[in-house]
2 protein chains.
Amino acid sequence: MGKPTRVTNRVRALRFAAGEMTQANLADRVGVTRQTVIAIEQGRYSPSLEMAFQIARAFNVPLDDVFQYPEVK
Amino acid sequence: MGKPTRVTNRVRALRFAAGEMTQANLADRVGVTRQTVIAIEQGRYSPSLEMAFQIARAFNVPLDDVFQYPEVK
DNA sequence: ACGAGATGTCAGAGATGTTTGACATCATGT
DNA sequence: ACATGATGTCAAACATCTCTGACATCTCGT
């Protein structure tokens, strides 16, 4: 619905790297719904800052490891 | 309006540190309105991830230098 | 063949973030 | 005294993000 975001992320990769972590697992850990995880993995929109922090924490990595913002506009 | 956020920020400090940067200046640079800058500086809500990235870029610092997320919940 | 788990789609309702515009206060300089 | 710029408040419209729930597809194990 929203305009596609410029922010990219490595959520899916990190999730697999973390072992048997499913979308539902991650959603639980972060405290959001599976829908939201799906939408983010697909880059349909960028999450709120709070959620971005929580996701990074779920993987125990800094925020910049999960989300990237392209150089210029 | 929104529930107060857990995310804290150093926008105001960075703005002063950057010299004569006013709220309106920053808002322009980042592409948002002055209202939004005010609300964020006051911690009334946390910005979107995109905006957080843009703000960090406006100050030429990493995102974690501007926004912090407290340890636990 | 069947059931269960993981991923995905769709649509609508609800919550949060952003804009617009009008106006108030304080400090500064002329 | 007046004008200007910087900061702040308020309220309502608007945009974006998140949730709920129902359902489809694929894979895997039994």
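The chains referred to below are lettered A, B, ... by the order of the sequence lines, with proteins before strands, and numbering in each begins at 1. These numbers come from a predicted model, not from an experiment.
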Item to check | Comparing B/Ile38 and B/Glu50 on DNA chain D - which has the more 5′ nearest nucleotide | outcome: B/Ile38
Item to check | Distance test, side-chain N/O of A/Ser48 to OP1/OP2 of C/dG17, below 4.0 Å | outcome: no
Checklist entry - How close or far is atom C1' of D/dT18 from atom CG of A/Leu49, stated in whole angstroms? => result 16 Å
Checklist entry - Which atoms form the tightest heavy-atom contact between A/Thr36 and A/Tyr45, and what is the distance? => result CA-OH, 4.1 Å
Item to check | B/Arg34 (side chain) and C/dG21 (base): donor-acceptor pair under 3.5 Å | outcome: no
Checklist entry - Looking across every strand, which nucleic acid part, if any, lies under 4.0 Å from B/Thr22 by heavy atom: base, sugar-phosphate, or nothing? => result sugar-phosphate
Item to check | Length of the line joining A/Arg6:CZ and D/dT16:P, which is rounded to integer Å | outcome: 12 Å
Checklist entry - Counting side-chain heavy atoms from CB outward, which of D/dT18, D/dT20, D/dT7 is closest to A/Tyr45? => result D/dT18
Item to check | Base of D/dT9 paired with side chain of B/Gln35 (donor-acceptor, under 3.5 Å) | outcome: yes
Checklist entry - Does B/Thr36 make a side-chain N or O approach to OP1 or OP2 of C/dT19 shorter than 4.0 Å? => result yes
Checklist entry - Got a donor-acceptor contact below 3.5 angstrom from the B/Arg34 side chain to the B/Ala27 backbone? => result no
Checklist entry - Does any N or O donor sit under 3.5 Å from an N or O acceptor when you compare the side chain of B/Glu20 with the base of D/dG5? => result no
Checklist entry - Nearest to the side chain of A/Ile40 - C/dT7, C/dT18, D/dT18? => result D/dT18
Checklist outcome for this item: Heavy-atom nearest pair, A/Ile40 first then A/Met51, reads CD1-SD, 3.7 Å
Checklist outcome for this item: Nearest heavy-atom contact between B/Pro47 and B/Ala52 is CG-CB, 4.3 Å
Next on the checklist: Tell me whether the side-chain N/O atoms of B/Arg12 come closer than 4.0 Å to OP1 or OP2 in D/dG8.
Outcome noted: yes
Checklist entry - Does B/Arg15 have a side-chain nitrogen or oxygen under 4.0 Å from the phosphate oxygens OP1 or OP2 of D/dT7? => result yes
Item to check | Residue A/Thr33, side-chain atoms from C-beta onward, closest of C/dT20, D/dT20, C/dG8 | outcome: D/dT20
Checklist entry - Just how far, in rounded Å, is P of D/dC17 from CZ of A/Phe53? => result 17 Å
Checklist entry - Of the nucleotides D/dT7, C/dG8, C/dT7, which one has an atom closest to the side chain of A/Gln42? => result C/dG8
Next on the checklist: If we count only N and O atoms by modelled type, under 3.5 Å, do the side chains of A/Tyr69 and B/Arg57 hold a donor and an acceptor together?
Outcome noted: no
